[in-house]
Every structure is written in structure tokens, then in C-alpha cells.
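This report refers to the structure that appears directly beneath it.
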Amino acid sequence: MQCNLFHFLAALPFAAVLQTNPTLVPPLGKMATRLASIFSPARSPTSAPAHLLHHALPRFRHRRAHPAPPRMSSSSAASPAPPAAAAAGGEKPTPAPYGSWRSPITADVVSGAERRLGGIALAGDGRLLWIEGRPEEKGRMVIVKEEDKPVDVIPQEFAARTLAQEYGGGAFAVDKNVVVFSNYKDQRLYKQEIGTGGPAVPLTPDYGAPDVSYADGVFDPHFSRYVTVVEDRRKDSLNPTTTIATINLSGVDVHEPKVLISGNDFYAFPRIDQNKKRMAWIEWSHPNMPWDKSELWVGHFSESGDLTKRVCIAGGNPLLVESPSEPKWSPKGELFFVTDRESGFWNIYKWVEQTNEIVPVYALDAEFTRPLWVFGISSYDFLGNTNHIIFSYRQQGRSYLGVLDCDSGSVSLLDIPFSDLSNVVAGDNYFYIEGASASIPLSIAKVTLNESKTEVANFSIVWSSSPDVVQYKPFFSTPELVEFPTSKPGQKAYAYYYPPSNPKFQGLPDEKPPLLVKTHGGPTAETRAVLDLSVQYWTSRGWAYVDVNYGGSTGYGREYRERLLDKWGIVDVDDCCSCANFLVESGKVDGQRLCITGRSAGGYTTLASLAFRDTFKAGASLYGIGDLTLMRVETHKFESHYIDNLVGNDERAYYERSPINFVNQFTCPVILFQGLEDKVVPPDQAQKIYNALKEKGLPVALVEYEGEQHGFRKAENIKFTLEQQMMFFARLVGNFEVADDITPIKIENFD
């Protein structure tokens with residue numbers, strides 16, 4: 001039910017299949033559609049709160065710190081947003097109704113401006129390789145190499161994307177000048193030599209259908225082979241077999257993968273020690289998700305390459321709940337990893353092999369990794385052959401970057417323009433990192449350090465998801481970190497509030513803006529204060545927008561994450577309603593024009609908010625869940641028990657928290673968007689909600705996209721979805737005329 005940075009973004013051509021004759025005005029007829037939703041980054045302040053300097057263990061010392069984002073709390077209620085800045089040339093902003101402002105950030109700009117990112121790695125020459133998704137090529141994922149002018153590594157007929165665990169990730173690896181990647185169309189592994197212009201060579205068998213997927217692979221330096229996670233759906237698509245297996249790299253013949261490890265439900269992070277013949281990996285079993293409880297194992301290779309002498313390093317103690325992740329071998333052959341034992345925060349630890357002890361490397365009430373929704377996460381790395389670790393962590397709504405000298409124990413925080421960080425790969429005295437800020441779109445930067453590796457010597461952007469976005473900067477709304485009271489006395493939750501912003505317009509003096517509340521997917525995920533053009537689309541037209549990190553979100557530790565256990569559909573719904581009410585009481589927004597939207601699990605929170613609360617006046621669900629019982633039966637293996645943890649063991653709760661069962665309690669208009677090839681949230685859920693609301697007589701519309709899966713990928717579908725949400729809310733709630741020339745779809749029980 002995740003829909004995050006890896007599930008947004010784009011592709012192209014236009015078409016929408018509109019359910020039961022939802023004709024356009026004038027009718028467009030039936031069209032096929034695909035889409036990808038967008039997620040772009042943002043900027044933040046620059047000098048951190050002083051208290052951050054004292055969170056490390058005594059033997060660690062910080063050198064530099066970063067700033068915290070603007071903050072609005074319940075103890076300091078926010079005043080209404082100031083008038084928009086004067087337009088270029090000294091012109092005063094024109095007073096106009098909120099929502100009616102004209103903006104250059106059009107749906108075309110949103111759907112086509114950004115490329116998505118699917119992973120990074122270093123080639124043998126130290127240059128960067130990355131996967132980018134291209135809207136202009138229907139969302140095709142392409143491996144690209146950094147040169148004076150970036151070059152495509154794989155041929156035009158290939159796309160590097162795996163369907164393992166539905167959400168994929170970890171679709172390629174590189175060794176010297178050889179890339180191994182998973183091809184989207186047939187899901188086979190291929191080998192491609194960089195820069196030779198030669199063909200991609202298949203490494204795995206052709207099973208006649210894309211029923212076997214590979215992910216999170218690494219080259220084995222001790223044997224001529226590739227070690228990878230394998231998901232085999234040939235016998236059972238809903239309950240596939242997952243293993244870690246080897247792929248032969250010698251010779252020209254294609255061989256069946258040889259299973260190294262099997263028997264558990266899930267595996268990830270096979271990581272091989274370059275010094276000794278041994279491998280670490282992560283595994284977990286139902287009913288756990290990897291962030292609930294997982295295990296870190298190490299096994300030694302025999303002379304024949306089989307795994308022997310397996311030992312569980314972390315996660316095996318039934319009295320200690322933890323979720324280890326991201327194992328990595330240092331250049332010295334020491335095993336590092338991230339886990340949340342005892343403190344409840346994902347911190348970096350090390351296995352002391354001689355004494356079989358687990359010791360903290362850097363302890364902080366902060367998150368040094370993120371939930372394993374996709375393969376291939378790399379939140380830290382070793383700088384060349386040194387014992388220095390480059391890392392990032394999340395604390396109180398922003399990212400921090402640092403270097404840890406494992407020998408001396410000193411930590412140096414680094415200043416760079418990004419306030420949001422994710423994957424990192426490192427060379428000798430430099431590294432590449434994925435990042436963004438409130439004004440910088442998702443980018444990859446090359447960061448070179450000084451000789452002592454304690455400060456940044458050079459920072460340069462080598463790739464940007466939206467290189468042309470700077471032209472819209474005057475229209476950007478800067479997010480404010482909101483801390484608001486929940487329905488539980490004394491408890492707080494968090495959100496990012498974006499006020500309306502357009503240099504050419506300002507609101508009418510007697511009017512407050514409509515508010516769109518965004519509920520993120522997952523639900524075990526985190527929304528971040530990064531430049532997202534799909535957010536700026538709303539704010540530059542005069543909408544207020546708030547992105548809520550309700551209880552259950554990540555980035556705030558296990559205790560916050562586990563607020564949602566057994567309470568999905570309660571805590572998240574309460575927090576979204578509390579946030580909206582807080583903004584109304586703060587004088588920020590119009591309480592009569594509150595709307596809500598969400599994708600996937602966020603779509604469920606949206607529908608549940610509309611069914612079980614009366615806070616909102618309209619809602620939009622993008623491939624959202626309406627029937628928890630049906631979801632429980634029909635969803636894919638990775639999340640097949642996830643819902644049990646979120647809802648609990650009481651069978652009545654599945655019925656009582658399913659919006660589909662309480663259509664009689666809906667009191668406001670709803671628009672639904674659904675991909676017809678979605679295997680995470682089956683399309684019939686949206687259809688049932690639509691039919692029930694239509695029969696009840698509420699204004700309702702359903703847009704279905706042929707060829708779309710869980711998360712839209714075609715640019716034309718992204719555009720259509722965004723525009724139709726805007727028109728739907730404007731016509732039914734907004735009391736304003738939209739400035740854009742948009743043909744609305746037919747709304748049942750309204751048109």
C-alpha cells in the first residue's frame with residue numbers, strides 16, 4: 001500500500017476509461033491510460049538547533065550542525081499568511097478569490113517536468129550510474145552513466161525495473177564496467193558492458209512469462225557469479241517463493257539460478273565480505289513486516305560456494321524486539337548494520353565477531369534508515385578503503401548528513417543545500433547522494449570532502465529530476481513544520497503546511513483559503529518537506545495544503561510508528577481531522593472548504609475520514625482501499641499479513657472500519673481514480689464504492705486507467721488526475737472559477 005518517491009512520476013499519451021459512461025463535457029470517448037505520480041523535493045533553513053550537538057554518546061563529538069525547518073505549534077497558533085509578494089516589475093498582487101488564481105505550474109508541467117529516480121551505484125572508474133524514469137518514454141526506467149554528457153547504458157528496447165514484492169527496487173548492480181539489471185518486460189536478468197555498444201546478454205532462463213523477478217543483487221568477488229533475491233510466482237502469484245540464489249556469470253550458456261538460502265518468507269540485502277568468503281543478509285517471516293521484526297544472519301561459503309556455518313547476529317532474541325536492516329561489510333571486514341533495538345530508533349551498530357557482541361556505533365534519537373518498502377536502500381556507505389562512514393539521519397522532520405570516523409569515534413556534520421536525503425554511494429574522498437529541499441527538486445549531488453574528511457570542499461548537482469523548475473521559484477510555497485495536538489490528551493503529531501503562494505495574486509480580505517489535506521500512503525511511511533510540483537500546483541492557485549505525518553508514520557521512532565498498530569482507520573483518521581481543525585482554529589483556512597486526498601493506504605484514510613467523520617466537505621481517493629476484508633484476501637504476499645498488524649485480530653474491526661460497509665454515513669462528494677492492473681488494491685474496490693455512492697445519490701465520479709498498476713506512470717494520466725481533482729473540488733466545494741481551461745468529467749448525481 002506504499003506510494004512514495006519510487007511510485008510517483010511519469011510517462012505519456014492520453015486516455016482514460018471512465019466508469020459506466022462517465023462522459024466528458026463534451027465527451028472524449030474511451031481512452032487507455034497510464035500514469036505516474038510525482039514527488040519532488042524542497043529546501044530548508046541552515047543551522048541546526050543547539051540541542052542536536054548533545055545527543056551522541058559521550059565519546060562522539062559533532063563538528064557542525066544544520067538548521068531546523070520553520071515551525072508552527074499548538075502553543076503558538078499561526079496567524080493568517082501574509083499577502084503574496086509583489087509581482088515582478090513592482091506590480092502589486094491582484095486580489096482574487098482563493099482557488100481562482102492563474103499559475104504557470106500547470107498539470108502539463110507537473111506530469112512531464114520530472115524524472116523519477118530508481119537507484120544509484122558507482123562504476124569501476126568512480127563515475128556514477130543511476131536509473132531514471134522518463135515521462136517522455138512512457139515511464140521507461142533507464143540506466144544512465146555520468147559522463148561530460150550523460151549516456152544511456154542499456155539499449156532502447158530495455159527498461160531496468162523489477163516487480164519483486166510488487167514495489168521493486170534494487171534493479172541493477174555494477175562491477176567495474178559490467179552492469180547486471182532486471183528487464184521490466186520479461187523480468188529476466190541481463191548483463192551489459194558499459195560503453196561497448198554491445199547487446200544486453202540474458203543471464204536467466206526465459207520462462208515464457210514475467211513470472212520470476214530478481215532484486216537487490218550483488219557481484220560475488222570469490223566466485224564468478226551474481227547473488228540476488230529471487231521471487232518465483234510461477235506456481236502461485238499471490239504466495240510466491242522467495243529465495244536468495246546465485247546466477248552464473250562465466251560462459252555464455254544460461255543456467256537455472258542455484259538456491260543459496262530458502263525456507264523463510266522474505267529475504268533482502270545479500271551482502272558479501274570482500275575479504276573473506278562469507279555473506280550477510282536480512283530475513284523475516286509472516287506476520288511481520290521488515291520494520292516490525294527481522295533477523296540479520298551471516299553464513300560462510302564452502303569451497304563449492306554453498307553457505308555453511310550460519311549464525312543469527314541480530315533479531316533472534318525473542319525478548320528483544322528489533323528490525324535490523326542494511327548490513328554492510330567495512331573495508332576491514334567488519335559487519336555494520338542499522339537496527340532499532342532498545343532505543344526504538346534505527347541507529348548504526350557493529351558486530352564484534354570475536355566476542356559475538358553488538359555494539360552501538362552512533363547512538364541518537366533519530367532514524368538512520370527508512371522502512372524497507374523497496375529493495376536497494378543505501379542510507380550509509382564507507383568512504384573508499386577508509387574506516388569513515390558517510391551517513392544521513394532523520395530527526396524532527398528533516399535530514400542531517402555526517403561523517404563518522406570509526407577509529408576515533410568523532411562525528412562531523414556536513415552542510416549541504418539539501419534538507420532531505422536518501423541513498424548514498426561513496427568513493428575515496430567523495431560521495432554521491434540523493435537529496436532535495438523545499439526549493440530544490442529531487443537531485444543527485446556529488447560531494448567532495450576536505451583532506452581530513454570533516455568538511456565539504458565541493459558540492460555540485462550532477463542530475464536533477466526537474467532541471468527547468470527554477471523558472472517557477474517565485475510561485476513556490478515554503479512548507480512550515482506543524483506540531484498539533486491529537487485526540488489523545490498530551491499527545492502531538494506532525495504535518496507540513498503549505499500556505500497559498502502566487503506573486504501575482506492575493507486572497508480577498510474577507511476570505512480564507514480552502515484546504516486540501518494529503519494523507520500519505522504506506523501507511524508505514526513519511527511525508528517530507530520537499531519540492532513537489534503536485535503540491536505547488538494547488539498552492540499557486542490559492543489553495544492551502546497540508547501533508548500529514550499521522551501517528552504510524554516513520555521518521556519519529558518505533559513508538560510513534562506503532563501508534564497505528566491495531567488502530568488503522570482510527571489514529572490516522574483522527575490525526576488528519578485534528579490537523580485540519582487545528583489549522584481552522586489557527587485562522588489559517590476556511591473550515592467550510594476542507595477537502596482530503598490520498599493514494600493507496602492514504603486513499604483508505606481518505607475514505608475512512610469521509611465515512612466515519614464529518615470534518616471534510618469532499619474527498620479524492622487514488623487507488624484507495626475501501627474493503628479491508630477484501631484487501632486481506634486479495635493482496636500480494638509482501639503485505640498479506642500487514643493489514644492484520646494494522647487492524648488486529650478482531651474480525652469485527654475489519655467490517656467496522658471498512659468504508660464500503662458504511663456508505664450510508666458518507667455525506668459529501670467523492671471522486672475515485674483507479675488503475676485496472678493494480679495487484680495491490682484490486683480495482684473492484686473502487687468500483688464497489690462508486691456504485692454504492694451513486695446508488696445513495698451522492699455526487700460521485702470514477703476514473704479508471706487501462707494499463708496502470710499501483711501508482712500511475714503515464715504523464716497524461718497524472719495530468720488528468722490532477723486536473724479532475726481540482727475541477728471536482730472547485731465545482732462542489734470551492735465556490736470559485738478555475739482559471740485553467742479544463743473540461744470536467746461528468747459527476748453522477750450532480751450533472
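Along the sequence shown, residues carry numbers from 1.
Residues L117 and W463 are in side-chain contact: their nearest non-hydrogen atoms beyond the backbone lie under 4.5 Å apart. Between K567 and V647, every side-chain heavy-atom pair lies at or beyond the 4.5 Å cut-off. Put simply, the side chain of L129 does not reach to within 4.5 Å of the side chain of V144, judged on heavy atoms. At a threshold of 4.5 Å between non-hydrogen side-chain atoms, the residues I261 and M279 count as touching. Residues L128 and V462 form a side-chain contact, since some pair of their non-hydrogen atoms from C-beta on lies under 4.5 Å apart. Inter-residue side-chain proximity for K145 and W130 is flagged as unmet; no heavy-atom pair is nearer than 4.5 Å. Contact annotation: the side chain of V411 never approaches that of D405 to less than 4.5 Å [non-hydrogen atoms, C-beta and beyond]. Using a 4.5 Å heavy-atom cutoff, the side chains of I358 and K350 are not in contact.
The main-chain N or O of V424 is found under 3.5 Å from a side-chain atom of S378 such that the two form a donor-acceptor pair. Judged by distance alone, the side chain of Y550 and the main-chain N or O of H520 form a donor-acceptor pair under 3.5 Å. Checked by atom type and distance alone, the side chain of K637 pairs as donor or acceptor with a backbone atom of D265 at under 3.5 Å. Judged purely by atom type and a 3.5 angstrom limit, R127 uses its side chain to pair as donor or acceptor with the backbone of E146.
Under a cutoff of 6.0 Å and an axis angle of 45°, K446 and F431 do not form a cation-pi pair. For the pair R271 and F269, the cation does not sit on the ring face, since its NZ or CZ is not both under 6.0 Å from the ring centre and inside 45° of the axis. The side-chain tip of R398 points at the ring of Y400 from less than 6.0 angstrom away and within 45° of straight on. With a 6.0 Å cutoff to the six-membered ring centre and a 45° limit on the axis angle, K191 does not count as a cation-pi contact of Y226.
There is no side-chain donor-acceptor pair under 3.5 Å between E231 and T242. Y556 and Q396 share no donor-acceptor pair across their side chains, judged by distance under 3.5 Å alone. Checking K293 against S285 by side-chain atom types alone, no donor-acceptor pair falls below 3.5 Å. In summary, the side chains of D292 and N645 do present a donor paired with an acceptor at a separation below 3.5 Å, with no hydrogens or angles considered.
Nearest heavy atom pair, residue I131 against residue A171, reads CD1-CB, 4.1 Å. Taking each heavy atom of S419 and A529 in turn, the nearest pair found is OG-O, 4.4 Å. G118 approaches M141 most closely through the heavy-atom pair CA-CE, 4.1 Å. Minimum heavy-atom separation, D216 to V229: CB-CG2, 4.2 Å. Between P327 and I282, the shortest heavy-atom distance links the atoms CD-CG1, 3.7 Å. For the residue pair G551 and V571, the shortest heavy atom distance occurs at O-CG1, 3.7 Å.
Taking the six-membered ring for Trp, Y167 and F375 have ring centres at least 6.0 Å apart. In this structure, the ring of F418 has its center less than 6.0 angstrom from the ring center of F459. Ring to ring, H636 and Y642 are not that close: their centroids are 6.0 angstrom or more apart. The aromatic ring centres of F368 and Y362 sit less than 6.0 Å apart.
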Salt bridge (charged side-chain N to carboxylate O under 4.0 Å, His left out) evaluation trace for D420 with R394
CA-CA 8 Å; D420 184 86; R394 295 284 293 175; 3.1 Å; yes

Test R278 against E353 for salt bridge (charged side-chain N to carboxylate O under 4.0 Å, His left out), laying out the working first.
CA-CA 13 Å; R278 57 184 178 174; E353 186 176 5; 2.9 Å; yes

Go through the steps to decide whether E526 and R561 satisfy the test salt bridge (charged side-chain N to carboxylate O under 4.0 Å, His left out), and finish with yes or no.
CA-CA 10 Å; E526 178 189 6; R561 194 166 74 238; over 6 Å; no

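Every salt bridge (Lys or Arg N to Asp or Glu O under 4.0 Å) that D232 has, sequence neighbours left out, goes to R234.
A side-chain hydrogen bond (donor to acceptor under 3.5 Å, both in side chains) with E434 is found for one member of S422, S392, S465 and no other, namely S422. In summary, of the residues considered (W284, W346, W373), a ring pair (Phe, Tyr, Trp, His ring centres under 6.0 Å) with W291 occurs for W373 alone.
Ion pairing of R341 with E322 is present here, as a side-chain N (NZ or NE/NH1/NH2) and a carboxylate O approach within less than 4.0 Å. Between D273 and K332 there is no salt bridge, since no side-chain N of the basic residue sits under 4.0 Å from a carboxylate O of the acidic one. Look at D306 and K258 and you find a salt bridge, because one of the NZ, NE, NH1 or NH2 atoms lies within 4.0 Å of a carboxylate O, short of that distance.
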